[in-house]
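Please read the structure below before turning to the comments.
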Amino acid sequence: MKIYNTLTNAKEDFKPRQPGKVFIYVCGPTTYNYIHLGNARSFVFFDTVRRYFCYRGYEVKYVQNFTDMDDKIINRAREEKEDPLLLTEKYVQAYFYDTQALNVQKADIHPKVSQHIPEIVDLIKVLIEKKHAYLTDQGVYFDIATFADYGKLSGRSLDLMQAGARVEVDVRKKNPLDFALWKAAKPGEPFWESPWGLGRPGWHIECTAMALKYLGTGFDLHGGGNDLIFPHHENEIAQAEAATGQPFARYWLHNGYLTVNQEKMSKSLGNYFLVREILKKFSPETVRLFLLSIHYRSPQDFSEENLNNAARGLERLKTSIILLQEALVRPGWGDVSRSSSLEFQDIGGREAAFLATISKLESDFIAAMDDDFNTALALSKLFDLAREVNIYLTQKPETENQNLPQLTTIEIQNKQFAQVALVKAKELFGSFNGVLGIFKTNAQGDIILERSFQERDALVEPLINLIIQLRQEAKVKKDWVSADKIRNNLKELGIVLEDTKDGVRWKLRENNRPIV
RNA sequence: GGCGGCAUAGCCAAGUGGUAAGGCAACGGUCUGCAAAACCGUUAUUCCCCGGUUCGAAUCCGGGUGCCGCCUCCA
């Protein structure tokens, strides 16, 4: 496996800290708002990274934090006149709602800043003891001059940064780039007790403290969006390595921005689209397919047209999966008792060729993901698989629609071959999807293609109106049999039609509604 | 000013030395009562421009143009 490491600006062979295990820390959201699609890009990508390590047989420990205390939260809470921690809890829940729609698996641990104050305080104590931090009346600051490697992640030297820095001058700081570890509380602000008075942690210290607590020094992967390279991740490294004297994380991954009209999607520009808004119009499968259709380090432009493209591509994949699922239970293809005893080398011409082709796709898929998580290329293998399956199914089996007792031994064997081929294809769909996470799956790992409830709800109204219209036409022709049949069958589905003087009214029997 | 990224068909996009993946759209065909889906075929002699290295470059080197980002909160 090769991974592009921001620390070295090069693709490197991945070597885990411990054989067979991967320890990952990904920067999560600051919970003062709903996540937008740019945030989702990062979360979906790192979820895919995690899934791929699992697919490759690694035991993964995945930690993603919530920054649930900082200036933005305090400001937002003031605006909404709400307690900061309650506000934060609301957006934590919203985060889970939005990301689960996108099939992002929960991290093993989701630590929150507010619940790790003791760890943070201890870490700051160490930094002060080691003379890497100093006190002012504003709080505690990290002294970057004491950390020789400062700038190694973002690739800048201190001199150049100082020349270009537009930082508001704080004369109490030794260096303009020194950053807060502990901020003294102003009146009315939330606070915790510390040896340096009442206050709260600075922005960067929490990730360092929580990563060290759950993953230790020198863990494998640390990730986040490009915009976190400087200063956030640079400062995390400084804090951790100054305190422990050990390398902090070994591979740093950063995803590119999501843009709108080629400009970065960001809250300050106001050009952001919330995940929950987009999901009103596009399915989560479409959104995830869209996000993975480009290499993670490249910028990706958000537009309705691009989402539409993805939606159409998704249709193609769905069709193929449906065709395969149908074939698996159709006479002639898949209705023979499970024939797992067959060895591949026993299998005849057409099936053997098909199996060879899709096996190649599997190795291509792995090669693509091994090369710095090339999801765009991996995705093309999923499309290739769909086409191969479609081609295979286009050609009818000789024995289709014949009953088993009438078949010769050869014919039965052909059916079994076909089934082995189809089962293998289905498994491959499943394992590609297990990595890319586009489709939801059941406990057995089979792909579920049910429409989302939003989609269904949006369809109910026009669909029922259409049926009512057809029934009205039947009534006009005095075709009472058809009209009554429509009404009775709808009733069985929990949809009640009532003919009134002013037209047709319909109701949904409450207990027939699907339970989410 | 410093640092970094990007530029491939109508659109999205993979591809870092060996002769342009995949998706969408479009057109023609097969299938179909008609559609849809599916399948087959066509659609970049060419990869922003100029110059160079090489038997050979979208891929390497030099120069130029355009767009974007970071250096301040941001995934």
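Order of the sequence lines sets the chain letters (A, B, ...), proteins ahead of strands, with each chain counted from 1.
A straight line from CG of A:N226 to P of B:A75 spans 13 Å, rounded to a whole angstrom. Regarding A:L269, its CG atom lies at a distance of 15 Å from the C1' atom of B:A75, rounded to whole Å. Atom CD1 in A:I229 sits about 16 Å away from atom P in B:C3, given to the nearest Å. Distance CE (A:M265) to C1' (B:C68): 15 Å, rounded to an integer number of Å. As a whole-Å value, the separation of A:L228 CG from B:C71 P is 11 Å. In this structure, CD of A:E263 is placed 10 Å from P of B:C70, rounded to the nearest angstrom. Here the C1' atom of nucleotide B:C11 and the CG atom of A:L307 are 14 Å apart, to the nearest Å. In this structure, A:F230 places its CZ atom 18 Å from C1' of B:A75, rounding to the nearest Å.
We find that A:E362 and A:K424 are joined by a salt bridge, their nearest charged nitrogen and carboxylate oxygen being less than 4.0 Å apart. A salt bridge does not link A:E234 to A:R156: none of the charged nitrogens lies less than 4.0 Å from a carboxylate oxygen.
Searching all strands for a Watson-Crick or G-U wobble partner of B:U46 with both distances below 3.5 Å returns nothing. Pair assignment for B:G56: none, as no Watson-Crick or G-U wobble contacts are both less than 3.5 Å. Nucleotide B:G4 forms a pair with B:C68, judged by Watson-Crick or G-U wobble geometry with both contacts under 3.5 Å. When both pairing distances are held under 3.5 Å, B:U30 makes a Watson-Crick or G-U pair with B:A38. Taking a pair to require two hydrogen-bonding distances under 3.5 Å in either a Watson-Crick or a G-U wobble arrangement, B:G51 pairs with B:C61. Pair assignment for B:U19: none, as no Watson-Crick or G-U wobble contacts are both less than 3.5 Å.
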Each nucleotide of nucleotides 12-28 of chain B classed B (base within 4.0 Å of a protein heavy atom), S (only sugar-phosphate) or -, in 5' to 3' order, makes SSSS-----BSBSS---
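Among the atoms of the strands shown, only primed sugar atoms or phosphate atoms (P, OP1, OP2) are found under 4.0 Å from some heavy atom of A:N390. When heavy atoms are screened at a 4.0 angstrom cut-off, A:G224 is found touching the sugar-phosphate backbone but no base atom. Using a 4.0 Å heavy-atom distance criterion, A:T319 is classed as a sugar-phosphate-only contact. Among the heavy atoms of the strands lying under 4.0 Å from A:G256 is at least one base atom, whether or not backbone atoms are also near.
For the residue pair A:T357/A:E388, the side-chain donor-acceptor check at 3.5 Å is not satisfied. Counted by atom type alone, A:H295 and A:Y4 present zero donor-acceptor pairs between their side chains at under 3.5 Å.
Comparing B:U19 with B:G56, their C1' atoms sit 8 Å apart, to the nearest whole Å. Distance check on atom C1': B:A9 versus B:U42 gives 13 Å, rounded to whole Å. With P as the reference atom, B:C48 and B:U16 are 15 Å apart, rounded to whole Å. B:U45 and B:U53: their C1' atoms are spaced 23 Å apart (whole Å). Nucleotides B:A57 and B:G51 place their P atoms 14 Å apart, quoted to the nearest Å. One C1' atom belongs to B:C73, the other to B:C67, and the distance between them is 25 Å to the nearest Å. For the P atoms, the distance linking B:A21 with B:A36 amounts to 28 Å, nearest Å. On the P atoms, B:G33 is 35 Å away from B:A44, given to the nearest whole Å.
Of the listed nucleotides (B:A75, B:C11, B:C70), B:A75 has the atom at the smallest distance from the side chain of A:N39.
Residues satisfying the side-chain hydrogen bond (donor to acceptor under 3.5 Å, both in side chains) criterion with A:D384, sequence neighbours excluded, are A:R387. By the side chain to side chain contact (heavy atoms under 4.5 Å, CB included) test, A:N103 is found to be paired with A:R51, A:R288, A:K440, residues two or more places apart in sequence or in another chain being considered. Shown here are the side chain to side chain contact (heavy atoms under 4.5 Å, CB included) partners of A:E277, two or more places apart in sequence or in another chain: A:L274, A:K280.
Take the nearest nucleotide of RNA chain B for A:K72 and for A:A386: the residue whose nucleotide is more 5' is A:A386. Comparing A:Y4 and A:F46 against RNA chain B, the residue whose closest nucleotide sits nearer the 5' end is A:Y4.
Listed by first and then second residue, the side-chain hydrogen bond (donor to acceptor under 3.5 Å, both in side chains) pairs involving residues 61-70 of chain A are A:Y25-A:N65, A:Q64-A:Y95, A:N65-A:T67, A:T67-A:E206, A:D68-A:S114, A:D70-A:K72 (not counting sequence neighbours). Sorted by first and then second residue, the salt bridge (charged side-chain N to carboxylate O under 4.0 Å, His left out) pairs involving residues 30-43 of chain A (not counting sequence neighbours) form an empty list.
Residue A:K318 has no polar side-chain atom (N or O) positioned under 4.0 Å from OP1 or OP2 of B:A37.
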